[in-house]
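Just below is one structure, and these are the notes that go with it.
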Amino acid sequence: MAEIESKESAGVAGESVPRADWQKVVDYVQHNPRQVIAGIVFVLLCVAAGGIYSLYNIASDRAVMTQYAGAIAMEDPAERAGALQQIAQGGSRWSTEALYLAAEASLEAKAYDKAREAFTRILDKHPRSEFAAPAAEALAFLDENEGKLEEALAGYTSVYETHGDTFIARRQPLNIARVHKALGNLTEARKFYEKQAEVFPDSAVAAQADRALGQLRADHPELFPEPIETGLDAALPATTPAPAIQVTPAVEAAPAEEAPAAEETPVAEEASETEAPEAEEAPAPDEAPAAEAASATEETPVAE
C-alpha cells in the first residue's frame with residue numbers, strides 16, 4: 001500500500017520542495033468537500049440576500065420619495081404638516097428634512113405648539129444636522145412672537161455664538177438688535193445693527209439693519225453724538241488745515257482815456273464824388289440828310 005505523500009514532496013538529493021498554493025487548495029477540496037460546498041452555498045446566500053436587501057431599499061426609497069413629493073405639493077399647511085410627520089416617523093434618509101418641513105408647515109398653519117414640538121425634536125434627536133441651526137432660530141422666533149423677549153434674546157445669541165460662520169449665524173445680529181430695541185437696550189441695539197453690516201455685508205439683512213439704524217437715529221439722535229460723515233468726507237484723508245492765504249487788494253485801474261471818436265466820413269458826398277460820370281448822351285443822328293432828301297423829293301418835278 002502506497003504511502004500518502006506529505007505536503008512537501010521529496011526533491012533531488014533528498015531536499016524537500018514546497019508545493020504551489022493552488023495544489024494546496026486542490027488537496028483541501030479533495031479532503032474536505034462538504035465544508036467547501038457549504039462555504040460556497042453560504043457565500044451565494046449572502047450575495048443573494050444583499051441583492052434582495054438593496055432592491056428592497058431602492059424600492060422603499062422610491063416609495064418614500066413619491067410620498068414626500070405628494071406631501072410637499074399639498075396646499076393646506078395643516079395637511080402638509082401631517083403628511084410630512086408620517087414621513088419623518090418612517091426612519092428613512094428623508095426623516096430629518098421631513099420633520100423640519102413639517103415644523104415649518106405647522107408654523108404656517110399657526111399651530112405653534114406643534115411647530116415648537118417638531119423644532120425641539122430636531123435639536124434633541126439631530127443636533128448635528130444641517131437643520132439644527134434653523135430649528136434653534138425658529139424656537140427663538142416663537143419666543144419673541146409670544147413676548148418672551150429674554151428667552152428669544154438668549155436663543156438668537158446662542159445661534160450666533162455656536163454655529164460659526166454659517167448663513168444662519170451670520171444673520172443673527174439683526175434679530176439680536178431687534179430684541180434689544182424691544183427691551184429698551186438702545187445702545188446694544190445700535191451696536192448689533194452696525195455689526196450686522198460687518199459680519200454679512202452686501203446682503204438683504206444688512207440692508208434691513210441699515211434701515212433700522214436710520215430709524216433709530218431719527219428717533220433717538222442722542223445715541224449718535226458724532227457727526228455723520230458723508231461719503232466724500234470719509235474718502236478724503238485727514239490733513240492739517242492749511243494757513244490762510246492773505247489776499248492782496250487789487251490795484252484800481254486808472255480809467256482809460258476815451259479814444260477820440262473817429263471822424264465821420266461823409267458817405268453820401270463821397271459816394272456822389274466817386275460815382276462814375278454819367279455817359280454823355282450820344283448826339284441824335286443827323287436829320288439833315290433826311291431833310292435834304294425830303295426837299296429833293298419836293299423839287300423833283302413829276303413827269304407830265
Side-chain angles (χ1 to χ4, degrees), residues 77 81 84 88 94-226 228-229 234:
L84 290 169
W94 308 99
S95 296
T96 308
E97 183 176 348
L99 182 60
Y100 178 79
L101 293 179
E104 282 196 339
S106 299
L107 196 64
E108 184 180 352
K110 297 183 180 181
Y112 299 124
D113 293 340
K114 292 183 178 180
R116 182 181 290 277
E117 180 182 354
F119 286 132
T120 304
R121 183 180 170 188
I122 290 174
L123 292 180
D124 294 341
K125 302 294 183 181
H126 313 282
R128 297 185 180 276
S129 70
E130 59 181 315
F131 302 101
E137 182 189 37
L139 288 173
F141 170 76
L142 287 173
D143 288 333
E144 182 183 3
N145 192 51
E146 295 174 4
K148 303 175 182 178
L149 299 181
E150 294 292 347
E151 290 84 347
L153 181 60
Y156 290 136
T157 304
S158 176
V159 175
Y160 178 60
E161 294 177 351
T162 60
H163 288 278
D165 196 32
T166 62
F167 171 78
I168 298 297
R170 292 171 66 191
R171 71 183 185 188
Q172 295 312 307
L174 176 63
N175 295 330
I176 296 173
R178 184 178 62 251
V179 177
H180 270 304
K181 183 179 179 182
L183 289 170
N185 305 328
L186 301 183
T187 303
E188 290 296 312
R190 176 195 172 180
K191 181 178 75 173
F192 280 97
Y193 279 138
E194 293 174 346
K195 185 178 289 294
Q196 182 63 82
E198 297 176 7
V199 300
F200 206 169
D202 302 326
S203 62
V205 288
Q208 294 178 21
D210 187 62
R211 290 192 295 269
L213 188 64
Q215 185 62 46
L216 185 66
R217 187 191 302 273
D219 295 340
H220 301 279
E222 69 278 4
L223 298 175
F224 304 87
E226 68 279 5
I228 304 173
E229 291 185 354

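- Rounding to the nearest 0.5 Å gives a distance of 11.0 Å between CG of D210 and CD of Q208.
- Heavy atoms from other residues, nucleotides or ligands lying under 6.0 Å from NZ of K181 number more than 12.
- Put simply, the side chain of S106 gets close to the backbone of A102: a donor and an acceptor are under 3.5 Å apart.
- The minimum heavy-atom distance linking F131 with I122 is given by the pair O-CG2, 3.8 Å.
- Nearest heavy-atom pair, A135 versus Y100, reported as atom, atom and distance to 0.1 Å: N-CE1, 4.0 Å.
- A heavy-atom distance below 4.5 Å is found between the side chains of R171 and V205.
- Here the OG-CG distance, from S158 to L153, works out to 11.0 Å after rounding to the nearest 0.5 Å.
- Counting non-hydrogen atoms of other residues, nucleotides and ligands closer than 6.0 Å to CG of D202 gives a total of 12 or fewer.
- Looking only at side-chain heavy atoms (C-beta outward), R116 and D143 come within less than 4.5 Å of each other.
- Looking at T157 and F192, their side chains never come closer than 4.5 Å, going by heavy atoms from C-beta outward.
- Considering CG of L101 and CD of E108, their distance stands at 11.0 Å, rounded to 0.5 Å.
- When every heavy atom of Y160 is checked against every heavy atom of Q172, the shortest pair comes out as CB-CB, 3.7 Å.
- Between the side chain of Q196 and the backbone N or O of R170, at least one donor-acceptor pair lies under 3.5 Å.
- When all heavy atoms of V179 and L149 are compared, the closest pair comes out as CG1-O, 3.5 Å.
- Under a cut-off of 6.0 angstrom, the local environment of CD in E146 is crowded, with over 12 non-hydrogen atoms contributed by other residues, nucleotides or ligands.
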Could you go through the side chain to side chain donor-acceptor pair (under 3.5 Å) check for E144 and Y156 one step at a time? CA-CA 10 Å; E144 182 183 3; Y156 290 136; 2.8 Å; yes

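- The pair E188-K191 counts as a salt bridge, with a side-chain nitrogen and a carboxylate oxygen less than 4.0 angstrom apart.
- Using cut-offs of 30° and 60° for the angle between ring planes, the F167 and F200 rings count as perpendicular.
- Side chains of E97 and L84 form no contact here, defined as non-hydrogen atoms less than 4.5 Å apart.
- A salt bridge links E194 with R190; the closest basic N to acidic carboxylate O contact falls under 4.0 Å.
- Listed by chain and residue number, D219 satisfy the side chain to side chain donor-acceptor pair (under 3.5 Å) test with Q215 (two or more places apart in sequence, or in another chain).
- V159 and A169 make their closest contact through O-CB, 3.7 Å (heavy atoms, listed as atom of the first residue, atom of the second, distance).
- Side-chain contact between Y112 and N145 is present, with at least one heavy-atom pair separated by less than 4.5 Å.
- Of all heavy-atom pairs between A98 and A88, the closest is CB-N, 4.0 Å.
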